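Okay, so here's the structure we're looking at.
Quick caveat: nothing in here was measured; it's all calculated off a predicted structure.
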Amino acid sequence: MGLKNSHPKLFPGDIVEYPRNKYFSHFGVYYGERDGVPYVAHLTCRDADTKIPLFGRALRSEVKLDPLELLGTKYRVNNMMDDTHSPRDFHTAVKKSIDEMMGQAVTFDILFHNSEHQATLFRYGVKRSEQIEKIYKHIMPAWKELFSEKKL
């Protein structure tokens, strides 16, 4: 994952990446400080106490504000789309979007609406997950073969 600096300087609207294992990370958006405590807005599952939702979906998910280090002590800034998309202004767009989403029921879907999708949607106004795109690169050739052989 290349966590050269596990406590980088954060600015409101930055995407914060928390590595979870060799393949996946959890993402949030740095919200700023409240009473001297830094907070991150992130999409989190509330269906059960389990860490992985059943079949990659959780119907009772929500955007929540949590203290930065509650989500993990190793994190990095990953504003992955800054080269191709302009970040939205934090105070006029990102913060407003986060505040409106907090507490609302959202369906978490590992392939179509995960924490990375939500973070990029907040920061750029575009829903994207590089993690899932990497997986698709491996899955799609196998699916094409199964489709062509009429096995799927």
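A donor and an acceptor atom, one from each side chain of N114 and D109, are nowhere located under 3.5 Å apart.
Residues forming a side chain to side chain donor-acceptor pair (under 3.5 Å) with T120 (at least two apart in sequence, or on another chain): none. With sequence neighbours left out, the side chain to side chain donor-acceptor pair (under 3.5 Å) criterion links K96 to no other residue. The side chain to side chain contact (heavy atoms under 4.5 Å, CB included) test applied to V37 returns Y39, P67, not counting sequence neighbours. Residues satisfying the salt bridge (charged side-chain N to carboxylate O under 4.0 Å, His left out) test with E100, not counting sequence neighbours, are none. Remark: D89 pairs with T92 by the side chain to side chain donor-acceptor pair (under 3.5 Å) rule, at least two apart or across chains. The salt bridge (charged side-chain N to carboxylate O under 4.0 Å, His left out) search around D82 returns R123, not counting sequence neighbours. When the ring-ring contact (aromatic ring centres under 6.0 Å, His included) test is applied to H117, no partner is found at least two apart in sequence or on another chain. In this view, R128 and E133 satisfy the salt bridge (charged side-chain N to carboxylate O under 4.0 Å, His left out) rule, not counting sequence neighbours. Take Q118 and apply the side chain to side chain donor-acceptor pair (under 3.5 Å) test, not counting sequence neighbours, and it matches H113. By the ring-ring contact (aromatic ring centres under 6.0 Å, His included) test, Y18 is found to be paired with Y75, residues two or more places apart in sequence or in another chain being considered.
Looking at every heavy atom in both residues, S61 comes nearest to L43 through CB-CD1, 4.2 Å. The minimum heavy-atom distance linking I98 with A41 is given by the pair CG2-CB, 3.6 Å. Of all the heavy atoms in F108 and C45, the pair that sits closest is CG-SG, 3.6 Å. Contact detail for K9 and V77: the closest heavy-atom pair is O-CG2, 3.9 Å. Of all non-hydrogen atoms in F27 and I15, the two that sit nearest each other are CD2-CG2, 3.7 Å.
Sorted by first then second residue, the salt bridge (charged side-chain N to carboxylate O under 4.0 Å, His left out) pairs that include residues 30-39, not counting sequence neighbours, number zero. Applying the salt bridge (charged side-chain N to carboxylate O under 4.0 Å, His left out) test to pairs two or more places apart or on separate chains, none has a residue in residues 111-121.
Using a 4.5 Å heavy-atom threshold, the side chains of H26 and H42 count as touching. Annotation: side chain of R88 is in contact with side chain of S97 (closest heavy-atom distance under 4.5 Å). The side-chain heavy atoms of V29 and D14, taken from C-beta on, include no pair separated by under 4.5 Å. Proximity of N78 to V16: side-chain heavy atoms (C-beta onward) are nowhere separated by under 4.5 Å.
A single hydrophobic cluster is seen to contain both F122 and F90, as judged by linkage of ILVMFWY side chains at heavy-atom distances under 4.5 Å, directly or through other members.
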field: Step-by-step side-chain contact (heavy atoms from CB on, under 4.5 Å) determination, V94 to Y30
entry: CA-CA 10 Å; V94 178; Y30 183 63; over 6 Å; no

- request: Using the side chain to side chain donor-acceptor pair (under 3.5 Å) rule, take Y31 and D99 through it: C-alpha gap first, then chi angles, then the decisive distance, then the call.
  value: CA-CA 10 Å; Y31 190 82; D99 292 344; 2.6 Å; yes

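The distance from atom CD of E17 to atom OG of S25, rounded to the nearest 0.5 Å, is 3.5 Å.
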